[in-house]
Amino acid sequence: MEENEKNIPAAPVSGVENDVTKAAPTTETPAAAPAQAAAPAAQPATPTGESAEKPAAAAPAPKAEAPARPAPRPAAPKPAPQPAVNEIKPETVVPEQLHDRLAELKAQGYGLLENLTGTDWGEEGLGAVYTLTNPETFEMVHVKAVSPNREQPVLPSACDLWDIANFYEREVYDFYGVIFVNHPDLRRIFLREDWVGFPFRKDDKPEEKNEEIAVGDEPISDLAPCYTLNADGSLHCEKTPIFGEDDYVINLGPQHPSTHGVLHFRTRIDGEIITKIDPHLGYIHRAIEKISESLTYPQTLALTDRMDYLGAMQNRHALCACIEQAMGVEVSDRVQVIRTIMDELQRIDSHILFFSCLCQDLGATTAFLYGFRDREKILDIFEETCGGRLILNYNMIGGLAYDIHPNFQHRVKEFITTMRESLKEYDDIFTGNVIFQTRAKGVGVLSKEQVISFGCTGGTGRASGWHNDLRKHRPYAAYDRVEFNEVVRTEGDSFARYMIRLDEIRESLHIIEQLIDNIPEGNFAEKMRPVIKIPAGTYYHAVEGSRGILGAYIESKGDKTPYRLHYRSTGLPLVAAMDTACRGSMIADLITIGGTVDYVVPDIDR
């Protein structure tokens, strides 16, 4: 038996994992000791030989009593939700007191009608929210008026207080059917005169009463309806001819290269002198605001680039910032700086195209080519980072779609150097041209009071002596950390509007130069929920677009789609001022005036 035991090899012991494996009987051979030493914490292996002795079983250790669990601490109370920084609380005024309240606020210094948003509040009624702004401090107040009569909603007109109320109220009437009493010309402004219904109402079904594709010539009304209230509360409509029977009226547009899009000016002239302009809008109206009511918030972003296509970055910046602030989302410092740089590149892009098209309109083809040569460099920078040149799709809710390209900073710094040299060429070939100066100086003059009354912000307003740059008055993004001048002139004519744009290119280059080497590290996008909802409320945020104040107004019911989304167009006030700017000028001057006012038709029509 001892001989057999000596011939049985010892089983290796590898560690704790193998402590349940049966081992061979150990002997006094030296190979067994290292194997046992390799696993001191393991239970001793049980020998299987006849001569092996069983070790005495160890007494189990008494279990220690588990310590008593501490009582759970009470949860900290949730902090009370803070109102969003851009949430507005409109003052509600009954329709009968609306005009007096608006006049009172204007007398208190709120002399700018920045925005007017029509809304269908369902059973509450139909009405509008007026955004009034102090043109010096840019403090805002908001007034809401609702007409409970859905069959015949009536509000008083504010045309006697602000010139831009004419177009704003016509827009609300066109889409919601709100009748503004004492409005001098309450025609439709965007839709066809033969359109049936008011398509922005929640209960309107335009497909039941209108052709899917309208055929035939569009009827254009020559009568301006004016509604007044009778003593018994009923409405009386009186229609006044827009033009007299003997007036000589010519059509500029809608297919005219110098209207910069499908825009129709019915122009009354006396010889070569313009005596009246009746703008006819809506040829490319796409109901962007109405479509947005059926889209989720991320889906609405796709439509912003297609309004003012020369301000795509700024359009989407305004909407994203409005949504982010409403949700309480703070984007990183890196995003704020990149958005600022992109906005300024977009502004330069727009102003270069302004210069190029104005030169082409006035016959300076060489200068036109110079401008497009320089604009291509910006579009190349956009394409490298965004993937697009015109429709950019860059700003997203919570940040950016992509981080900047590795070549971005290098190419931008190269562009700054070359663009400054190009501005000298612009001055040499066009600014100092005596023909251009003769056609621009003293032509199309708008006073400071007029641009405020029409709401002409941006370069057009600053050319008339009005300091209205939101980058200075309501700083956002990274504008509070850069130094730049608000370019303002006082002449108010076409030459001043032209010079404003060139000087603003220089200031934009200066802004970019301060930021391009100081882009902080951080996330280029915050992680957002798959379904984005905005707390119930009303929100407004505006940025300084290429043509002035571009605002986004959102009314939310807490759903994933906006109840109402409205854009404060930069171009609608500009085209509204064309009649005033052109009266008394020659027919050829309309091209100069329209080019320097710098409206973009898709931004007007939306």
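Predicted, not measured: the structure shown is a model, and the values here were computed from it.
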S.K.: Assess the side chains of Asn315 and Thr304: does a donor N or O sit below 3.5 Å from an acceptor N or O?
M.R.: no
S.K.: Could you tell me whether the side chain of Asp603 and the main chain of Thr570 form a donor-acceptor pair under 3.5 Å?
M.R.: yes
S.K.: If only atom types and distance count, is the side chain of Glu293 paired as donor or acceptor with the main-chain N or O of Leu565 below 3.5 Å?
M.R.: no
S.K.: For the backbone of Ser292 and the side chain of Thr300, can you confirm whether one donor and one acceptor N or O come within less than 3.5 Å of each other?
M.R.: no
S.K.: Using 4.0 Å as the upper bound for N to carboxylate O, is an ion pair formed by Arg170 and Asp174?
M.R.: no
S.K.: How about CD on Glu483, more than 12 heavy atoms from neighbouring residues, nucleotides or ligands closer than 6.0 Å, or not?
M.R.: yes
S.K.: Report the relative orientation of the aromatic rings in Tyr176 and Phe200; use parallel for angles under 30°, tilted for 30 to 60°, perpendicular for over 60°.
M.R.: perpendicular
S.K.: Any carboxylate oxygen within less than 4.0 angstrom of a Lys/Arg side-chain nitrogen, looking at Glu555 and Lys144?
M.R.: no
S.K.: Please answer whether the main-chain N or O of Thr133 pairs with a side-chain N or O of Glu114 as donor and acceptor at a distance below 3.5 Å.
M.R.: no
S.K.: In plain terms, say whether Lys472 and Glu507 are close enough for a salt bridge, that is, a side-chain N and a carboxylate O under 4.0 Å apart.
M.R.: no
S.K.: Please determine if Arg462 and Asp503 form a salt bridge, counting it only when a charged side-chain N lies under 4.0 Å from a carboxylate O.
M.R.: no
S.K.: Do NZ/NE/NH1/NH2 and the carboxylate oxygens of Arg506 and Asp427 come within less than 4.0 Å?
M.R.: yes
S.K.: Check whether any side-chain N or O of Asp361 sits under 3.5 Å from a backbone N or O of Ile591 as a donor-acceptor pair, and report yes or no.
M.R.: no
S.K.: Can you list everything that forms a side-chain hydrogen bond (donor to acceptor under 3.5 Å, both in side chains) with Arg306? Sequence neighbours excluded, please.
M.R.: none
S.K.: We want to know whether Thr131 and His142 form a side-chain donor-acceptor pair, criterion being a heavy-atom distance below 3.5 angstrom.
M.R.: yes
S.K.: Short question: side chain of Asp493, backbone of Val445 - any donor-acceptor pair under 3.5 Å?
M.R.: no
S.K.: Without swapping roles, check the side chain of Trp162 against the backbone of Gly111 for a donor-acceptor pair under 3.5 Å.
M.R.: yes
S.K.: If you measure from the Lys or Arg side-chain nitrogens to the Asp or Glu carboxylate oxygens, is any gap between Glu289 and Arg564 under 4.0 Å?
M.R.: yes
S.K.: Does a donor on one side chain sit under 3.5 Å from an acceptor on the other, for His99 and Asp160?
M.R.: yes
S.K.: Please confirm whether the backbone N or O of Phe355 pairs with a side-chain atom of Arg501, one donor and one acceptor, at under 3.5 Å?
M.R.: no
S.K.: If you count the non-hydrogen atoms of other residues, nucleotides and ligands that lie under 6.0 Å from CZ in Phe372, is the total more than 12?
M.R.: yes
S.K.: For Tyr476, does its backbone N or O pair with a side-chain atom of Arg471 as donor and acceptor, under 3.5 Å?
M.R.: no
S.K.: What orientation do Phe265 and Tyr599 show, parallel under 30°, tilted 30 to 60°, or perpendicular over 60°?
M.R.: perpendicular
S.K.: Quick check against the 3.5 Å criterion: does Ser350 have a side-chain atom that pairs as donor or acceptor with the backbone of Arg347?
M.R.: no
S.K.: Please work out whether the ring planes of Phe175 and Phe190 are parallel, tilted or perpendicular, with thresholds of 30° and 60°.
M.R.: parallel
S.K.: Evaluate Gln346 against Asp343 for side-chain hydrogen bond (donor to acceptor under 3.5 Å, both in side chains), listing each step before the verdict.
M.R.: CA-CA 5 Å; Gln346 184 77 82; Asp343 281 6; over 6 Å; no
S.K.: Stepwise, does the salt bridge (Lys or Arg N to Asp or Glu O under 4.0 Å) test hold for Glu414 with Arg411?
M.R.: CA-CA 5 Å; Glu414 276 188 345; Arg411 296 192 69 168; 5.6 Å; no
